[in-house]
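Lettering of chains follows the sequences in order, A, B, ..., and the numbering in each one begins at 1.
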2 protein chains.
Amino acid sequence: MPTIFDVAQAAGVGVGTVSRVLNDSPAVSDSTRSRVLAVISALDYRPSSLARGLSLGTSNIIGAVVPTVTHPSSMERLHGVLDELGGSGYDLALYQVEGEEQRSSRIRDIVRPDRCSAGLLVSLRATPDEIFLMVRAKRPVVAIDGYIEGLPGCHIDNVAGGRMATEHLLALGHRVIAFVGDVEDDLGFNPGAARFEGYRAALRGCHVPLRDDLIKTGPSCRERADQLTGHLFDLAEPPTGIVATSDTQAFGVMAAVRSRGMEVPTDVSVVGFDDLELAGHLGLTTVRQPLYESGVLGARMVLQQLDGHRDGLDVVELPLEVVVRETTAPPNNGSALYGA
Amino acid sequence: MPTIFDVAQAAGVGVGTVSRVLNDSPAVSDSTRSRVLAVISALDYRPSSLARGLSLGTSNIIGAVVPTVTHPSSMERLHGVLDELGGSGYDLALYQVEGEEQRSSRIRDIVRPDRCSAGLLVSLRATPDEIFLMVRAKRPVVAIDGYIEGLPGCHIDNVAGGRMATEHLLALGHRVIAFVGDVEDDLGFNPGAARFEGYRAALRGCHVPLRDDLIKTGPSCRERADQLTGHLFDLAEPPTGIVATSDTQAFGVMAAVRSRGMEVPTDVSVVGFDDLELAGHLGLTTVRQPLYESGVLGARMVLQQLDGHRDGLDVVELPLEVVVRETTAPPNNGSALYGA
DNA sequence: CGTGGCCCTGGAAGCGATTCCAGGCAGGTG
DNA sequence: CACCTGCCTGGAATCGCTTCCAGGGCCACG
């Protein structure tokens with residue numbers, strides 16, 4: 001593996017000159033530059049990123065911290081990040097965090113200049129201590145999907161999203177609308193609570209009373225959705241519409257509905273959240289949030305800061321949109337139109 | 001940010017001694033060791049991985065090359081990799097490749113000692129040139145899901161898998177079985193062709209003639225599945241069972257079936273492949289392959305080689321299993337049992 | 001023709017670790 | 001008491017790059 005010294009020798013110049021060619025310094029004559037360039041390609045020389053990093057005091061790695069990589073929405077975002085980082089010369093290091101402690105230690109990692117030159121926090125929150133750490137490190141860190149005080153990033157209005165999903169059902173005439181989701185709000189950042197807020201607000205806006213028995217919150221989508229959805233249909237007045245906090249949960253809800261011999265949307269309408277690729281395949285009506293785009297945007301913001309541009313420091317709110325497909329329809333029982 | 005020199009000064013020792021403590025060298029007296037350790041934790045010192053890497057001639061990064069990160073099965077595997085790498089001290093760099101060219105350049109990257117200390121090839125093939133590159137680099141590279149000549153790794157028997165899926169339907173009494181999938185075999189490694197082999201073999205084994213009109217191959221699961229599945233039901237003798245090359249495709253098939261007012265499994269049985277988490281939620285009968293486990297195993301093999309163990313160099317074949325859920329049943333029309 | 005200034009260039013000093021080598025000290029032995 | 005043997009230890013050299021500094025060559029000007 002050739003070093004800069006080998007190149008310098010072969011080209012008959014000093015290492016400084018080779019370095020200057022490598023870094024596009026204008027202080028190199030054209031003839032020298034082309035001679036060096038020729039040797040570089042002849043030797044297939046590529047500078048050691050390790051040595052370069054040590055000298056420069058920073059690596060060429062962007063660290064992404066993600067709660068659970070298997071969650072499809074995280075993957076969509078990461079996909080965007082990877083695409084945007086593509087030709088930038090930066091590599092993406094992936095850190096998965098599962099508990100409080102891990103997150104803290106990972107954040108400590110990504111702000112260390114010998115580990116990462118910048119960081120991306122995906123669907124995550126941070127404690128004041130952690131924020132202090134990041135700000136003090138003066139290192140570009142961008143929050144993708146999650147507002148973190150003092151950090152640039154992008155996020156969505158989850159309250160509005162929950163409201164939009166619910167209002168879609170209300171507009172169709174539904175008045176008995178259940179909410180299925182995870183509202184546990186640990187520091188891992190769970191948008192379910194905010195979406196539930198939106199659900200409540202929408203109902204209030206239509207003067208539909210909130211019924212506790214229509215609210216099914218469970219630890220996570222990992223549970224068989226039957227357990228969450230099941231009891232809803234044993235109620236005296238079962239729901240005609242269901243708002244789920246995520247597409248994944250909506251899929252579970254649909255399976256549960258069908259396992260009880262009912263039809264979607266004939267017997268009950270279902271709305272999801274995210275608009276995963278699969279939602280399109282399965283015809284799920286859902287609130288679309290720009291997952292892929294959030295990754296692209298976050299990566300771009302980091303890259304801009306790395307380039308020294310002082311823009312790209314904003315906090316951007318991404319748009320939401322209800323995508324109507326085949327899982328929502330007016331309620332079967334027309335009375336709901338005039339009731340409540 | 002303290003350096004090894006600061007620690008040495010504060011502890012009243014030389015840098016060599018600090019380094020020895022850091023690397024668990026036995027040639028340090030207990031008293032000195034504990035003194036140094038105390039200073040290290042007092043200063044919250046952590047060695048620069050950049051400097052360490054330059055000195056050692058290699059980074060502490062394991063590079064994973066993955067075709068499309070958004071594919072749920074890749075994510076499951078990566079999840080396993082991340083879990084196994086957790087406390088190892090190695091970071092995971094994620095490289096997404098989309099075309100021929102990208103793959104080649106990424107492979108070139110991961111065998112460079114200044115970039116990665118080892119590599120993981122997920123669901124990928126390699127040209128002889130690329131294999132030569134990796135072998136010559138004498139750097140641990142493991143193939144996860146994909147057999148690559150000369151490289152350790154793990155994979156499954158896709159022919160057997162396709163056969164198992166088909167035989168499951170045959171055992172239930174189906175005789176008109178369609179195949180829906182992507183058999184395009186680019187170098188990005190597509191197991192669909194092998195699974196189709198298995199499908200053919202299973203039919204042959206039961207003396208069921210192969211019917212071209214029952215074979216729907218399309219570019220990918222990204223297409224709306226209706227287009228692949230649709231025409232199947234316009235046939236004079238439509239299928240009573242469908243084998244899909246992946247769970248994702250099976251979901252699309254199911255949606256298409258339902259959109260035509262038919263029921264799964266009453267009117268038609270569907271078998272998938274992979275056993276994604278979602279398959280469990282939606283009750284899909286499928287051929288389970290150990291996705292998560294393949295990641296764990298691959299990572300472990302890499303780690304073992306990095307530790308100098310010369311084991312972990314095998315090529316392992318992972319087991320497959322038909323997971324029967326609610327999308328398969330005997331055909332409605334009993335005649336199939338006695339026909340053909 | 002002498003000289004100042006501007007390009008361009010070579011090379012040394014750092015970046016922060018590892019590791020090798022030389023040497024100090026203590027203890028055991030003759 | 002002298003000497004040898006090990007055990008610990010300090011520090012220099014090294015990894016491959018960037019960057020700063022000094023200096024050589026050339027041109028223009030006086």
Side-chain angles (χ1 to χ4, degrees), chain A residues 1-37 39-40 43-61 89-91 109 112-117 306 308, chain B residues 1-37 39-40 43-61 89-91 109 112-117 306 308:
Chain A
M1 183 142 291
T3 72
I4 199 174
F5 185 78
D6 301 325
V7 175
Q9 276 209 321
V13 299
V15 292
T17 301
V18 177
S19 176
R20 278 183 285 265
V21 170
L22 249 23
N23 294 287
D24 285 321
S25 157
V28 181
S29 70
D30 284 346
S31 67
T32 306
R33 178 186 307 278
S34 59
R35 189 152 36 98
V36 171
L37 250 18
V39 173
I40 286 179
L43 263 50
D44 192 28
Y45 164 77
R46 303 249 225 113
S48 154
S49 51
L50 239 25
R52 184 158 208 275
L54 180 58
S55 191
L56 252 26
T58 181
S59 75
N60 67 147
I61 293 171
Y90 288 95
D91 286 349
D109 282 348
R112 285 185 52 106
D114 64 306
R115 297 289 285 272
C116 297
S117 52
L306 249 13
Chain B
M1 183 142 289
T3 73
I4 199 172
F5 186 77
D6 301 324
V7 175
Q9 276 208 322
V13 299
V15 292
T17 301
V18 178
S19 176
R20 278 183 286 265
V21 170
L22 250 24
N23 294 287
D24 285 321
S25 157
V28 182
S29 71
D30 284 347
S31 67
T32 306
R33 179 187 306 278
S34 59
R35 191 151 35 97
V36 171
L37 250 18
V39 172
I40 285 178
L43 264 51
D44 191 28
Y45 164 78
R46 305 250 224 112
S48 154
S49 52
L50 240 25
R52 183 159 208 276
L54 179 58
S55 193
L56 252 26
T58 181
S59 76
N60 67 148
I61 294 171
Y90 288 96
D91 286 350
D109 281 349
R112 286 184 52 107
D114 64 308
R115 296 290 284 272
C116 297
S117 51
L306 249 13

Mind checking [X] for me? I need base, sugar-phosphate or nothing, with any heavy atom below 4.0 Å counting as a touch.
| X | result |
| --- | --- |
| A/L56 | sugar-phosphate |
| A/N23 | sugar-phosphate |
| B/G16 | base |

In whole angstrom, what separates [X]'s [atom1] from [N]'s [atom2]?
| X | N | atom1 | atom2 | answer |
| --- | --- | --- | --- | --- |
| B/R112 | D/dG16 | CZ | P | 11 Å |
| B/F5 | D/dG11 | CZ | C1' | 10 Å |
| A/I4 | D/dG16 | CD1 | C1' | 8 Å |
| A/L54 | D/dT18 | CG | C1' | 10 Å |
| A/R46 | D/dG16 | CZ | C1' | 16 Å |
| B/D30 | D/dC7 | CG | P | 14 Å |

Checklist outcome for this item: Correct closest heavy-atom pair for B/L54 and A/A51 would be CD1-CB, 3.8 Å
Checklist entry - Going by heavy atoms in the side chains, are A/I4 and A/L22 under 4.5 Å from each other? => result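 Yes. Closest side-chain heavy atoms under 4.5 Å.
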Checklist entry - Taking side chain as C-beta onward, heavy atoms only, is A/L306 less than 4.5 Å from A/Y90? => result yes
Next on the checklist: Reading DNA chain C in the 5' to 3' direction, which nucleotide is the first one with an atom under 4.0 Å from a heavy atom of chain A, and which is the last?
Outcome noted: C/dC8 to C/dG16
Item to check | Short side-chain to backbone donor-acceptor contact, B/R115 and A/D91, under 3.5 Å | outcome: no
Next on the checklist: For the backbone of B/G53 and the side chain of B/S59, can you confirm whether one donor and one acceptor N or O come within less than 3.5 Å of each other?
Outcome noted: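 Pair absent, no side-chain N/O of B/S59 close to backbone of B/G53.
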Item to check | Nearest-nucleotide comparison on DNA chain D, the residue closer to the 5′ end among A/A51 and B/R33 | outcome: B/R33
Checklist entry - Taking for each residue the nucleotide of DNA chain D bearing the nearest heavy atom, is the 5' side occupied by B/S29 or by A/S19? => result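 Checking each residue's closest nucleotide, the 5'-ward one belongs to B/S29.
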Checklist entry - Is there a side-chain polar atom (N or O) of A/R52 under 4.0 Å from OP1 or OP2 of D/dG16? => result no
Item to check | CD1-CD1 distance between A/I61 and B/I61, expressed to the nearest 0.5 angstrom | outcome: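 A/I61 CD1 to B/I61 CD1: 3.0 Å, rounded to 0.5 Å.
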Checklist entry - Who pairs with A/R52 by salt bridge (charged side-chain N to carboxylate O under 4.0 Å, His left out), at least two apart in sequence or on another chain? => result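 A/R52 satisfies salt bridge (charged side-chain N to carboxylate O under 4.0 Å, His left out) with no other residue.
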